[in-house]
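Quick caveat, the model's predicted, so the values are computed rather than measured.
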Amino acid sequence: MTTTEPERTGPGEPRPAPGGRRAPGGRSAPGQGLTWSLRGRGPEDVPVLADPGPPLGRPAGPATGRGVRVCVVDSGVERDHPLIGPLAGSWVVVKDAESGEITVEPTTTGDTCGHGTACAGIVRRTAPECEIHSVRVLGERFSGTGDVLMAGLRWAVEQGFDVINLSLSTTRTRFAQELHSLADSAYFARTVIVASAHNTPVESFPWRFASVISVGSHQEDDPELHLYNPDPPVEFFGPGQNVTVPWLGGRTIRTTGNSFATPYVAGLCARVLSAHPRMTAFQLKNALYLSAANVRHAPRPSTAAGDIRDDSEN
């Protein structure tokens, strides 16, 4: 299965929730609170309650995603699939055929083609206690338009979800700037977009942007392994080759694609955030880097001249 390509595209801060994550709503309007310098103010005027994050990127103790809100922007999710369970919320992006107006509305229609159900199931398997929300932007046969995709993704960002899984991309460059701006807005608001790279070497978006966590797939047998790519723009590889995923009708299938590596990494993000809820987006990306199976922690010199301290793992 390939990463879906919508053909066209055009169309809320502080939320101290459990553990210090942002609560729904209350997001600052763009431009509010911009600070270009700290003239007349010092460190005591800009206090930050920080979370140092897990040592070597691995959360301490059981981290199951509890308290973390993950939104799957896709084709919907089948209701009460045995491998997913109930959703915390489900919405659909609707475009009026006559006026062209686009709205986001609650829905009980489930999944149109199975793709979103597969992604939600991988998130659930990886972070079993996270909240899963669904925003449907694709129709039957994985069809979709860019303006609907943009509206759904923008709505998800405005809701302040902790993690957004986007196993979709578009090759339409006319939407790149808007997607880039939206990805940056999410990054600065501490909403992490985990985006699937295209399955073939073509230009598509938004996975190419540094403000998202971009994911391709590896062919290793270990289903709990992720890798860092030393030659971006794809930054991480997750298990996405011949994987078993939930599908329509309460069943499962085996399939391949970057689409299915992406929710694994989204689930990892949820697990880390459940144990370290104040982590910023760039801290979370660093945690994924440090915990990647191919990253080695090399010795580094100490402050004493000629003295070498070995911080690597044995």
Side-chain angles (χ1 to χ4, degrees), residues 1-4 59 62-92 106-142 152 156 161-168 192 194-196 199 213 215 217-226 236-275:
M1 182 179 298
T2 60
T3 305
T4 306
T64 60
R66 180 187 290 267
V68 179
R69 303 162 68 235
V70 180
C71 183
V72 177
V73 178
D74 211 286
S75 63
V77 177
E78 181 169 276
R79 296 176 60 82
D80 297 318
H81 191 290
L83 296 180
I84 301 172
L87 299 177
S90 183
W91 294 269
V92 60
T107 182
T108 59
T109 54
D111 193 347
T112 58
C113 62
H115 194 263
T117 296
C119 292
I122 296 170
V123 171
R124 175 65 73 210
R125 184 168 65 212
T126 309
E129 293 193 277
C130 74
E131 288 186 14
I132 296 182
H133 303 252
S134 169
V135 175
R136 178 156 63 86
V137 297
L138 295 181
E140 297 178 0
R141 297 184 297 277
F142 313 100
F161 290 110
D162 300 302
V163 180
I164 296 174
N165 187 89
L166 189 68
S167 290
L168 310 171
V192 178
V194 185
S196 175
N199 284 313
I213 293 176
V215 185
S217 58
H218 64 63
Q219 59 183 7
E220 302 301 313
D221 293 332
D222 189 344
E224 301 294 325
L225 178 147
H226 75 283
F236 298 98
F237 299 114
Q241 303 291 318
N242 198 30
V243 293
T244 299
V245 299
W247 206 252
L248 300 183
R251 60 194 179 96
T252 62
I253 64 170
R254 293 184 73 85
T255 188
T256 291
N258 292 343
S259 288
F260 311 113
T262 303
Y264 173 73
V265 173
L268 287 182
C269 291
R271 280 168 49 185
V272 174
L273 289 175
S274 69

(request) Give a yes or no answer on whether the side chain of Thr252 reaches the backbone of Thr244 with a donor-acceptor pair at less than 3.5 Å. (result) no
(request) Verify, without hydrogens or angle tests, whether Asp74 (side chain) and Gly76 (backbone) share a donor-acceptor contact under 3.5 angstrom. (result) no
(request) Give the minimum heavy-atom separation between Thr109 and Thr107, together with the two atoms involved. (result) OG1-OG1, 2.7 Å
(request) Examine distances only and state if a side-chain atom of Ser75 and a backbone atom of Gly116 form a donor-acceptor pair shorter than 3.5 Å. (result) yes
(request) Examine distances only and state if a side-chain atom of Asn242 and a backbone atom of Arg254 form a donor-acceptor pair shorter than 3.5 Å. (result) no
(message) Quick check: closest heavy atoms across Ala270 and Val68, and the distance to 0.1 Å?
(response) O-CG2, 3.4 Å
(request) To the nearest 0.5 Å, tell me how far Thr256 OG1 sits from Gln241 CD. (result) 5.0 Å
(message) I'd like to know if the side chain of Ser134 and the backbone of Ser90 have a donor-acceptor N/O pair within less than 3.5 Å.
(response) no
(request) Check Phe260 against Ile122 and note the closest heavy-atom contact, atom names and distance. (result) O-CD1, 3.3 Å
(request) Output yes when a side-chain donor or acceptor of Arg124 lies under 3.5 Å from a complementary backbone atom of Cys130, and no otherwise. (result) yes
(request) Please report the shortest heavy-atom distance between Ser259 and Ser167, naming the atom on each side. (result) O-OG, 2.7 Å
(request) Kindly indicate whether the side chain of Ile84, heavy atoms from C-beta on, has any atom under 4.5 Å from the side chain of Glu78. (result) no
(message) Any side-chain to backbone donor/acceptor pair from Asp111 onto Thr117? Under 3.5 Å, distance only.
(response) yes
(message) Take a 6.0 Å sphere around CG of Asp221 and say whether it holds more than 12 heavy atoms from other residues, nucleotides or ligands.
(response) no
(request) May I ask you to test the Val135-Cys71 pair for a side-chain heavy-atom distance under 4.5 Å? (result) yes
(request) For Ser196 and Asn258, test the side chains for any donor-to-acceptor distance below 3.5 angstrom and give the result as yes or no. (result) no
(message) Rounded to the nearest 0.5 Å, what separates atom CD1 in Ile213 from atom CG in Leu166?
(response) 13.0 Å
(message) Tell me if a side-chain donor or acceptor on Ser274 pairs with a main-chain N or O of Gly65 at a distance below 3.5 Å.
(response) yes
(request) Could you tell me the separation between the CG atom of Asp162 and the CD atom of Glu131, rounded to the nearest 0.5 Å? (result) 8.5 Å
(message) Determine whether a donor-acceptor pair (N or O, by modelled atom type, separation under 3.5 Å) exists between the side chain of His81 and the backbone of Arg251.
(response) yes
(message) Working note: Ile253 + Val245, criterion side chain to side chain contact (heavy atoms under 4.5 Å, CB included); need CA distance, chi angles, decisive distance, verdict.
(response) CA-CA 6 Å; Ile253 64 170; Val245 299; 3.8 Å; yes
(request) On the 0 to 90° scale, with breaks at 30° and 60°, tag the His133-Trp91 ring pair as parallel, tilted or perpendicular. (result) parallel
(request) Measure the OH-SG distance between Tyr264 and Cys119 for me, rounded to the nearest 0.5 Å. (result) 15.5 Å
(message) Test your reading of the model: is there a side-chain donor-acceptor pair from His218 to the backbone of Leu225, 3.5 Å cut-off?
(response) yes
(message) For Gly267 versus Thr126, what's the shortest heavy-atom pair and its separation?
(response) C-CG2, 3.7 Å
(message) How close do Arg79 and Thr108 get, counting heavy atoms only, and between which atoms?
(response) CD-O, 3.2 Å
(request) Can you measure from CZ (Arg125) to CD (Glu224) and round to the nearest 0.5 angstrom? (result) 8.0 Å
